[in-house]
K.L.:
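Please find one structure pasted underneath; my questions will follow.
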Amino acid sequence: MSILDIQNLTARHGLLEAVRGVSFSVSKGETLALVGANGAGKTTLLRTLAGGHAAAGGKILLNGEDVTALPSHKRVRAGIALVPEGRRMFASMTVRENLLLGAEAGRKGDWSVERVLDIFPNLQKRLHSKTGHLSGGEQQATAIGRALMSNPDVLILDEVSLGLSPLIVDRVYASLDGLMKSGTTIILVEQDLTRAMRVADRLLCMLEGRVVLEGPAASLTRDQVTDAYFGLGRAHGKEMHA
Ligand code: ATP
């Protein structure tokens, strides 16, 4: 059953159409990786899904309900949580306070500070530290934990790797692995194609605002994905791999 249905979604920055008639669905428990070159429209798409950017056309259905016009705080209450690029946290608040902020959406569910610490044990000793004093990896874990505390139906992660060392990225993904296995529905943007293909159930590649390739990660070849990524030969049009 699809939890999220995106229908012909368009988003603009002034005259620039950054997202052009994008349609796709996400099933419950699925991890969908969104890839594409710089400027392909990934961040604009994610922000439009989360309500941080207005849609210029099309529809976003969450559990069959049209949420396209809801502002971002209502979108969190409806069940969509975004961890933005660059993490954006309240630096003067402690990890615990940031996590509790996530719970203010008031959605029922299993997530608690304890459960976040199970997924990100490195935060245990940092619980009462101000987030401004944390390492990049710890900040990323806090930002993801805060989103989880809203008990989202769909967790959206924009470039969790950004600004982190390869070792820390491995640790963050190792923690996310538990999340993916626990049935959380995730949409993530990942620049590292190898990693995206490894962690995702399904891959969606954007080029100049459009979806140019979509399919199960296991059935796509790296050549197909890189061709779509760079807009080369074989991947013209939207290739569907059921
Ligand atoms: P990146 O990987 O660099 O973040 P992206 O795939 O996330 O790229 P977007 O950031 O969504 O792409 O950008 C899509 C297009 O919209 C680009 O042409 C970009 O220059 C433009 N754009 C993005 N944000 C703005 C903005 N605030 N004002 C004007 N144009 C913008």
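Numbers here are sequence positions counted from 1. In listed order, ligands and their atoms are each counted from 1.
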K.L.:
Which ligand 1 atoms, with their elements, are less than 4.0 angstrom from a heavy-atom of A37?
P.N.:
6 (O)
K.L.:
Where is the nearest protein heavy atom to atom 9 (P) of ligand 1: which residue, which atom, and how far?
P.N.:
T44 OG1, 3.6 Å
K.L.:
Out of all atoms in ligand 1, which are within 4.0 Å of some heavy atom of E85? Include the element for each.
P.N.:
4 (O)
K.L.:
Is the shortest N/O to N/O distance between L45 and ligand 1 below 3.5 Å?
P.N.:
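In this structure, L45 places no N or O atom under 3.5 Å from an N or O of ligand 1.
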K.L.:
Which of the numbered atoms in ligand 1 are below 4.0 angstrom from a heavy atom of Q191?
P.N.:
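Reading through ligand 1 atom by atom, the close ones are 2 (O).
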K.L.:
Strictly under 4.0 Å, does any heavy atom of M206 approach an atom of ligand 1?
P.N.:
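False for this residue.
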K.L.:
Which atoms from ligand 1 have a heavy atom of E159 less than 4.0 Å away?
P.N.:
2 (O)
K.L.:
Considering H13, K42, E17 one by one, which has a heavy atom nearer to atom 29 (C) of ligand 1 than any of the others?
P.N.:
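Result: the heavy atom closest to atom 29 (C) of ligand 1 is in H13.
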K.L.:
Please confirm whether G36 comes under 4.0 Å of ligand 1, counting heavy atoms of the residue only.
P.N.:
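It does not; every heavy atom stays at 4.0 Å or beyond.
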K.L.:
Of all the non-hydrogen atoms in the protein, which one sits nearest to atom 12 (O) of ligand 1, and at what distance?
P.N.:
G41 N, 3.1 Å
K.L.:
Which atoms of ligand 1 are found less than 4.0 Å from any heavy atom of L16?
P.N.:
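Answer for ligand 1: 15 (C), 16 (O), 18 (O), 21 (C).
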K.L.:
Heavy-atom contacts with A18 under 4.0 Å: which atoms of ligand 1 show up? List them by number with element.
P.N.:
14 (C), 15 (C), 16 (O)
